[in-house]
Amino acid sequence: MKVNRWTVARRCVQLAVVALLASPLWSREVFEGTLASASLLGLKLSDPLATLQVLLLTGTLSLSLLIGSATVLIFYGLLGGRVFCGWVCPVHLLTDLTDLLPWTKRLRCWPLSGKTAALVAALLLSLLFGVPAFETVSPIGIAVRSLTFGGGLGALVLLLVVLTELLLARRAWCRSLCPLGGLYALLGRVGPLRVAYDGGRCIHCGRCSATCFVPEVLEPSLQSGAARVTAGDCSRCGACIGVCPTAALTFNCARKTNKPKEVER
């Protein structure tokens, strides 16, 4: 079986992130903080959603928080917003691994549209209760704090995520419930890095759609003959590129788009 080099690379990055998050348990020289606010080798990094909640609650931002948030936005803006989801988020790694379990008694489809509503709800609840609502209940934040500072609550939250995956729907949290994913999906619409499609090379084997955990993001572009996948929900995981036998799918930063070819009469 051919090894998907993009999946291997992504697993290495995901595990490196987990190691960094757990590193304060034995050393604070390289990484300090959580995914909400951290310092990596002195570079300040801040979650844009957490920063937005702070701004709504206080009306002000510290310079370090502003710089950290701008750094993250620029980085993910260039690569594509949901790169965070596919390559960095520990919960996404968990759902990747849950996919390997031999369990089929769940819904096979889950809508993508809920994340934007969840984003709006998180901001409104923050204003209503006077606390950063998403940071309080987020499986990402709870799991990361457990990795960083120790504790068993994170294990319980992760177990609930796994049970949701197995009993309710595949990728339920990532696809429809995560406000942070909703924010990055909006950012992903403008990122220059895209999955590019060469229809002349495609043999329509269907391997790309089978490996993509959001095939409704990939398939419309392939069916219309578009040159690039433009949906913000693409996480740039590279899985579809790695399984394509004819290199019809690649990454590029070109702005060119193909118009669907007219059918000859």
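Below, all heavy atoms of this structure are taken into account, side chains as well, without hydrogens, waters or symmetry copies. As the structure is a prediction and not an experimental result, all values here were calculated from the model.
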Donor-acceptor pair, side chain of [X] and main chain of [Y], under 3.5 angstrom:
| X | Y | result |
| --- | --- | --- |
| R236 | R82 | no |
| Q14 | G86 | yes |
| S176 | A172 | no |
| R228 | Y197 | no |
| Q53 | A133 | yes |

(request) Would you please name every residue forming a side chain to side chain contact (heavy atoms under 4.5 Å, CB included) with S39, sequence neighbours left out? (result)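 Scan of S39 (side chain to side chain contact (heavy atoms under 4.5 Å, CB included), adjacent residues dropped) gives K44.
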Would a 4.5 Å heavy-atom cut-off, applied to side chains only, mark [X] and [Y] as touching?
| X | Y | value |
| --- | --- | --- |
| C253 | R194 | no |
| K115 | L177 | no |
| L180 | F134 | yes |
| L78 | L193 | no |
| D96 | R10 | yes |
| T211 | T7 | no |
| L218 | C240 | yes |
| P132 | V54 | no |

Common cluster, [X]/[Y], ILVMFWY with side-chain heavy-atom separation under 4.5 Å:
| X | Y | result |
| --- | --- | --- |
| L160 | L94 | no |
| L35 | L43 | yes |
| L57 | L55 | no |
| L52 | L127 | yes |

Quick check: closest heavy atoms across [X] and [Y], and the distance to 0.1 Å?
| X | Y | result |
| --- | --- | --- |
| W87 | V17 | O-CG2, 4.4 Å |
| L222 | L249 | CD2-CD2, 4.0 Å |
| W6 | A239 | CB-N, 4.4 Å |

(message) With a 4.0 Å cut-off on N to O distance, would you call D233 and R175 a salt bridge?
(response)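 Looking at R175 together with D233, the answer is no, because their closest N to O distance does not fall below 4.0 Å.
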(request) Determine whether more than 12 heavy atoms belonging to other residues, nucleotides or ligands lie under 6.0 Å from atom CZ of R11. (result)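 Enclosed.
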(message) Could you tell me if T95 and R171 have a donor-acceptor pair between their side chains, going purely by distance under 3.5 Å?
(response)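 Looking only at side-chain atoms, T95 and R171 do form a donor-acceptor pair, the distance falling under 3.5 Å.
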Residues 69-76, side-chain donor-acceptor partners within the protein, below 3.5 Å, at least two apart:
unit_1 : atom_1 : unit_2 : atom_2 : d
S69    : OG     : T51    : OG1    : 3.2
T71    : OG1    : I67    : O      : 2.8

(request) List, by chain and number, the other hydrophobic cluster members for F129, where Ile, Leu, Val, Met, Phe, Trp and Tyr join if side-chain heavy atoms come within less than 4.5 Å, directly or indirectly. (result)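 Hydrophobic cluster check, F129: joined to L125, L128, V131.
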